[in-house]
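What follows is a short report on a single structure.
Counting convention: from 1, in listed order, for ligands and their atoms alike. These numbers come from a predicted model, not from an experiment.
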Amino acid sequence: GSPLFTPTKTGAIDLANRVAMAPLTRSRAVAGDVPRASAATYYAQRATAGLIISEATQISPQGKGYAYTPGIHSEEQVAGWRPVTEAVHKAGGRIVAQLWHVGRISHPDLQPGNALPVAPSAITPKGQAFTETGFKPHVEPRALEAGEIPGIVADYARAARNALAAGFDGVEVHAANGYLIDQFLRNGSNKRTDRYGGSIENRVRLMLEVTQAVVDAIGADRTGIRLSPVTPANDASDSDPAPLFQYAVEALAPLNLAYLHMIEGATGGARDVVPGFDFMALKKAFRGPYMANNGYDFALADAAIREGRADLVAFGRPFIANPDLVERMKTGAPLATPDKSTFYGGDEHGYTDYPALAA
Ligand SMILES: C=C(C(=O)O)c1ccccc1
């Protein structure tokens, strides 16, 4: 059989196989930004993944950027996640919470007191915000004062502790896809002239402060991190990503994190958006478990593991329509195609009603 289905370990977390369920926003949280009750069913249906990474989950009210996404900062939200982690563990699975602060990818309608979204610099991103009253153009964000950063770092640490209290096996720091941490990393969005901007060392600082705070809170062996060096998602850009991310990963390596999750290319799109970008240099620099993501199918994933180009492979959209994706890949069964119209928002249709083959 494929090495994709052999057990492995990411830090303290023992995994039955090397298949990860990638974080998938589904915009189905209920009032109070609490996961809906059926989230327990949705995630448990997919618990044969070696590791489930939850949908992106905001660490604070300020960190929210879309309607109906769940949080993990209130007691009610922590209580709302407990049935999810219990159901996944009961089904033999493992699940980590993806900790999210959206930075400028938000809207005053989604912010406490209708405040401006925050960012490293006051640069309006292209694109639209998904609010409860439809899509609205992004607004110019407020540049954070350096003095506000410790509070945001503390919010990540608190969210990490909340995740363990909710029964998660660990957390993934969302440092990808043009959200807050990525906004600080990339010079297209970070024009700061203080210790958080300018040089690569300065632009990597927030990522390192957040990651260190999470490690201090719950341990490196329960802390993963997601990066997307060349994605254009959410108007992210950098003039020279290779040295930036080489430095970032070399700075992360001594922490001995549970894993590095790498979006190879444009998120959900072209893998060769920057032809020749050397992801293997980053895998080598990290030294720990490397989780490859973006457009993998079974054949590509099997080859990547066999050829030592990945230790784990994360699948996103295939897990939406195939709760039993692992079994289908093992048996070579055909995969169901997800219905894009029910990716975000709605109820059980397109969420918990995709059947497993055995059914
Ligand atoms: C958290 C997301 C990401 O990481 O791209 C996301 C958010 C909304 C829709 C799709 C994806």
Quiz item: Just which atoms of ligand 1 are under 4.0 Å from any heavy atom in Ala56?
Solution: 1 (C)

Quiz item: Which bit of Glu55 is near ligand 1, meaning a heavy atom under 4.0 Å away: side chain, backbone, both or neither?
Solution: neither

Quiz item: So does Glu148 pair up with Arg142, basic N to acidic O under 4.0 Å?
Solution: yes

Quiz item: Can you list the atoms of ligand 1 that are under 4.0 Å from a heavy atom of Asn177?
Solution: 3 (C), 4 (O), 5 (O)

Quiz item: Can you list the steps and then say if Lys284 with Tyr290 is a side-chain contact (heavy atoms from CB on, under 4.5 Å)?
Solution: CA-CA 9 Å; Lys284 185 165 177 283; Tyr290 177 93; over 6 Å; no

Quiz item: Gln98 to ligand 1: N or O pair under 3.5 Å?
Solution: no

Exercise. Please state which part of Trp100 comes within less than 4.0 Å of ligand 1, counting heavy atoms only: side chain, backbone, both or neither.
Key: side chain

Practice problem: For Tyr344, counting its heavy atoms only, list the atoms of ligand 1 lying under 4.0 Å from any of them. | Solution: 9 (C), 10 (C)

Self-check item: Residues Arg28, Tyr42; criterion side-chain contact (heavy atoms from CB on, under 4.5 Å); working and verdict
Solution: CA-CA 11 Å; Arg28 284 172 165 84; Tyr42 165 74; over 6 Å; no

Quiz item: Would you say the ring centroid of Phe245 lies under 6.0 angstrom from that of Tyr247?
Solution: no

Quiz item: So do the side chains of Arg328 and Phe298 get within less than 4.5 Å of each other, counting heavy atoms only?
Solution: no

Quiz item: Strictly under 6.0 Å, is that where the ring centroids of Tyr66 and Trp100 end up?
Solution: yes

Quiz prompt | Any Tyr179 heavy atom less than 4.0 Å from ligand 1 | solution = yes

